[in-house]
Amino acid sequence: MRLSKRLETIIDMAYCWISLQEKEEKQGFCVADVGTDHGFVPICLIERGIVGRVLALDIRKGPLLRAREHVQNQGLQERIALRLGDGLKPLKPGEAHLVIMTGMGGELMLRILKESPQIRETVRCWIFSPQLELSWFRHGLKELGLAIRDEVMLQEDGKYYVIMKAEPGEMYYPEEYQYRYGEQLIRKKSQVLAEYLEKEIQKFQKIREQIQKTARAETVGAKERLQEVEEEIEQAKKVRELLGKTI
């Protein structure tokens with residue numbers, strides 16, 4: 001089964017974490033895919049021998065029915081269990097060792113995590129790919145006692161995606177730009193992040209020009225917004241400098 005670049009990265013991240021665990025442990029490992037959609041990730045995890053059992057969860061009946069059809073076509077009904085429900089609620093404490101959550105906004109993911117503390121406390125590894133609110137999401141993980149151990153940023157079909165691996169632990173970044181753009185990505189000098197930063201800087205520079213040209217540029221609201229935009233540009237340029245990139 002061929003997957004998108006984003007899903008392949010998720011599969012690879014799961015494989016890397018599981019491969020580092022003790023051999024005796026791996027035999028009983030279970031992965032939960034929250035928001036499984038078509039069920040492609042669970043199927044690949046099984047077919048590639050990465051894990052022996054997967055729980056495929058979705059809040060919507062339609063995607064779960066499609067996932068069921070794909071699972072049955074591959075003859076994997078005994079190894080992939082499909083469950084209908086909101087977030088982590090279909091899981092039992094200690095049932096899943098690794099949980100994958102993708103295709104949602106960061107705020108929604110945090111809500112799901114906060115609503116199921118009894119599940120959150122028993123999961124050993126998380127793989128997230130929030131679509132929005134990345135800075136908010138990283139701050140939220142910190143407050144929940146989860147530490148980001150790895151991040152990958154990629155571009156696919158004109159969109160940028162960030163995939164994170166997190167484990168229980170403490171996380172603290174002294175600078176706000178580390179939460180906004182990802183300390184792990186900065187540390188690895190991600191080329192994709194560098195490309196993204198150039199577009200971010202250009203975007204905010206255009207916003208700055210538009211604010212300065214408007215007739216109400218001297219209003220309190222315009223000045224506050226202009227200050228926010230200047231801070232965004234400064235943060236992006238700081239990270240670009242750390243990556244060793246200049247225009």
Side-chain angles (χ1 to χ4, degrees), residues 10-11 13-22 24-37 39 41-43 45-46 50-64 67-68 71 76-151 162-173 179 184:
I10 291 169
I11 293 288
M13 194 170 283
Y15 168 76
C16 289
W17 184 81
I18 293 173
S19 65
L20 293 175
Q21 309 311 305
E22 295 294 333
E24 295 76 13
E25 288 185 308
K26 289 190 288 186
Q27 294 177 353
F29 265 21
C30 177
V31 174
D33 183 29
V34 180
T36 193
D37 200 17
V41 167
I43 290 172
L45 286 171
I46 297 294
I50 298 173
V51 70
R53 184 166 176 260
V54 181
L55 304 173
L57 285 55
D58 209 294
I59 193 173
R60 299 168 296 169
K61 292 183 179 180
L64 206 61
R68 185 180 302 279
V71 169
L76 298 175
Q77 303 94 310
E78 299 300 318
R79 303 180 70 180
I80 299 177
L82 294 100
R83 298 180 184 176
L84 181 68
D86 183 11
L88 301 170
K89 293 177 182 178
L91 295 178
K92 299 176 183 178
E95 192 173 24
H97 301 82
L98 184 153
V99 172
I100 298 170
M101 293 177 61
T102 65
M104 314 171 206
E107 187 173 358
L108 174 56
M109 286 187 177
L110 288 177
R111 191 264 296 172
I112 290 173
L113 290 170
K114 291 176 182 177
E115 287 182 349
S116 299
Q118 71 282 7
I119 303 298
R120 191 180 71 242
E121 293 169 0
T122 63
V123 174
R124 294 173 53 182
C125 181
W126 302 83
I127 294 177
F128 302 109
S129 183
Q131 294 182 329
L132 301 167
E133 304 113 1
L134 291 175
S135 177
W136 178 277
F137 185 70
R138 293 185 180 102
H139 275 289
L141 291 182
K142 171 181 174 291
E143 296 302 319
L144 290 173
L146 293 174
I148 298 171
R149 303 304 187 193
D150 189 22
E151 290 194 54
V162 174
I163 300 163
M164 311 172 182
K165 180 184 72 176
E167 298 175 345
E170 295 184 1
M171 178 177 69
Y172 169 74
Y173 301 146
Y179 289 97
Q184 296 291 328

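Being a predicted model, the structure only gives us computed values, none of them experimental. All heavy atoms count here, side chains included; hydrogens, waters and symmetry mates do not.
Taking both residues in full, the closest heavy atoms of Arg138 and Met171 are given as O-CE, 3.4 Å, listed atom of the first, atom of the second, then distance. Smallest separation of non-hydrogen atoms from Met109 and Phe128: SD-CD2, 4.1 Å. Residue Ser129 comes nearest to Thr102 through the heavy atom pair CB-CG2, 3.7 Å, listed as atom of the first residue, atom of the second, then distance. Shortest non-hydrogen contact noted between His97 and Val123 is O-CG1, 3.7 Å. In this structure, Met13 and Asp150 approach most closely via the heavy-atom pair CE-OD2, 4.0 Å. Here the closest heavy-atom approach between residue Thr36 and residue Ala56 is recorded as OG1-CB, 3.7 Å.
To the nearest 0.5 Å, the span separating SG on Cys30 from CZ on Arg53 amounts to 4.5 Å. Here Leu134 contributes atom CG and Leu132 contributes atom CG; the two are 7.5 Å apart, rounded to the nearest 0.5 Å. For the atom pair CE of Met101 and CG of Leu57, the computed distance is 10.0 Å after rounding to the nearest 0.5 Å. Rounded to the nearest 0.5 Å, atoms CG (Leu76) and CG (Leu45) are 11.0 Å apart.
A salt bridge between Lys89 and Glu115 is present, with a side-chain N of the basic residue lying under 4.0 Å from a carboxylate O of the acidic one. Salt bridge annotation for Asp58-Arg68: absent, with no cationic side-chain nitrogen under 4.0 angstrom from a carboxylate oxygen.
The main-chain N or O of Ile119 is found under 3.5 Å from a side-chain atom of Thr122 such that the two form a donor-acceptor pair. At distances below 3.5 Å, at least one donor-acceptor pair connects side-chain atoms of Tyr179 with backbone N or O atoms of Tyr173. Panel note: side chain Glu151, backbone Met164; no donor-acceptor pair is recorded below 3.5 Å.
Donor-acceptor pairing under 3.5 Å is lacking for the side chains of Gln184 and Arg149.
Atom OH of Tyr15 is surrounded by 12 or fewer heavy atoms from other residues, nucleotides or ligands within 6.0 Å.
Inter-residue side-chain proximity for Ile59 and Leu84 is flagged as unmet; no heavy-atom pair is nearer than 4.5 Å. Looking only at side-chain heavy atoms (C-beta outward), Leu88 and Val99 come within less than 4.5 Å of each other.
Ring geometry for Phe29 against Trp17 counts as parallel: the plane angle stays under 30°, on a 0 to 90° scale with 60° as the upper cut.
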